[in-house]
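Below: the structure, in structure tokens.
Note on naming: letters A, B, ... go to the chains in the order of the sequence lines (proteins, then strands), and numbering restarts at 1 for each one. Quick caveat, the model's predicted, so the values are computed rather than measured.
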Amino acid sequence: MHEITLTIPHFSLRDTLLCGQCFRWEENPDGSFSGFAGAHYADIRQAGSQVLIASSQADAGFWHAYFDLDTDYEDAKRRLYRYRAMRGPIDRAGGIRLLRQDPWEALCSFIISQNNNIPRIKGIVGRLCEGFGSPVPGGFSFPAPERLAGCTADDLAPLRAGFRAKYILDAAKKVADGTIDPARIAHSSTGEGEAELMQILGVGVKVAQCALLYGFHKLDAFPVDVWMKKSLALYFPNGFPKQAKKIQGIAQQFLFHDIRTYQEERSG
DNA sequence: GGCCAGGCTTTTC
DNA sequence: GAAAAGCATGGC
């Protein structure tokens, strides 16, 4: 294993890895985390502003990018703090960073997420990797679209993904044959990317926005699910301010984690 | 046991 | 067009 240390002030590793943006990390009893980012297995723990990564590969640059260290979150939080309603969510959930995940993995994972819950999403994603991924140090990679494009729904039955299996296959085929081009979406506007992704069976606005935010790092993407509807009703009944549109994806993550973790029992 | 889960597609009114 | 049903599976 290779030891890599990153310095990330005002950061919460736990909130970042458990807030529902990724599905391949598990918390250990000692508070560290084990799992995968792309094909990189790692054990990660946080000590203050130090993030200690024991990685299967000597690739500090990869982890620098994964934890999005080139984005200034302190600046984003200062801007968002102008809105009184954001202050509680920032104080409670402001340690979250938007991970720069692989686009295909994020797209596929959030197709699986629909009408589903996070523990079961993790189970399906785990079985997908073990059944169809490639062996890498520490476990299995997330399967490439080309690997899944030749599969049938019956092949995916062991995943117990239910009705989502045919959506996974449609997405894999359209990415593998170029109908959907992640490289093109990466250079497109969020609106254009949404339209392209929604060509996939089983991808609506919510899943497309999740893929754009978590897989393509489009910080103006803004997925709204049942939790975000609750949060917006509580904090922004007149809608999220358009002045903050460029970083509303960061705000979304604070609001989502806050409402799920801290406000569930509070009556509106 | 019915309800719900980071929804979407299909059918029906 | 809008609203409702249907969809697989599992946890509570």
Which comes earlier along DNA chain B counting from the 5' end, the contact point of A:Ile200 or that of A:Gln21, where each point is its nearest nucleotide?
-> A:Gln21

Take A:Met228 and A:Met198, find for each the nucleotide of DNA chain B with the closest heavy atom, and name the residue whose nucleotide sits nearer the 5' end.
->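 The 5'-side residue here is A:Met228.
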
Take the angle between the ring planes of A:Tyr83 and A:Phe240 and call it parallel below 30°, perpendicular above 60°, tilted in between.
->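 Answer is tilted, since the angle falls between 30° and 60°.
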
Does the side chain of [X] pick up a donor-acceptor pair with the side chain of [Y] at under 3.5 Å?
| X | Y | answer |
| --- | --- | --- |
| A:Asn28 | A:Ser34 | yes |
| A:Asp154 | A:Thr152 | no |
| A:His64 | A:Asp70 | yes |

Looking at every strand, decide which applies to [X] at a 4.0 Å heavy-atom threshold: base, sugar-phosphate, or nothing.
| X | answer |
| --- | --- |
| A:Val224 | nothing |
| A:Tyr214 | base |
| A:Gln209 | nothing |
| A:Gly20 | base |

If I take atom [atom1] in residue [X] and atom [atom2] in nucleotide [N], what distance separates them, rounded to the nearest angstrom?
| X | N | atom1 | atom2 | value |
| --- | --- | --- | --- | --- |
| A:Phe23 | B:dA5 | CZ | P | 15 Å |
| A:Ile259 | B:dA5 | CD1 | P | 13 Å |
| A:Ile112 | B:dC8 | CD1 | C1' | 15 Å |
| A:Ile96 | B:dG6 | CD1 | C1' | 13 Å |
| A:Leu201 | B:dC8 | CG | C1' | 8 Å |
| A:Asp170 | B:dG7 | CG | P | 20 Å |
| A:Asp258 | B:dG6 | CG | P | 16 Å |
| A:Lys206 | B:dT9 | NZ | P | 13 Å |

Determine the interatomic distance between C1' on C:dA2 and the same-named atom on B:dG6; round to the nearest Å.
->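 Result for the C1' pair: 24 Å, nearest Å.
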
Which whole number of Å gives the distance between the P atom of B:dT10 and that of C:dA8?
->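 Approximately 12 Å lies between the P atom of B:dT10 and that of C:dA8.
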
Whether A:Phe110 stacks on the six-membered ring of B:dG6 base, 5.5 Å and 30° limits = no

In B/S/- notation, 5' to 3', how is nucleotides 7-12 of chain C contacted by protein heavy atoms closer than 4.0 Å?
-> BBBS--

Cluster question for you: counting only ILVMFWY and a side-chain heavy-atom cut-off of under 4.5 Å, with indirect links fine, are A:Phe11 and A:Leu80 together?
-> no

Residues in salt bridge (charged side-chain N to carboxylate O under 4.0 Å, His left out) contact with A:Lys206, at least two apart in sequence or another chain =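 By the salt bridge (charged side-chain N to carboxylate O under 4.0 Å, His left out) rule, A:Lys206 matches no residue at all.
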
Can a cation-pi geometry be assigned to A:Arg24 and A:Phe36, taking NZ or CZ under 6.0 Å from the six-membered ring centre and within 45° of the ring axis?
->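 A:Arg24 over A:Phe36 ring: yes.
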
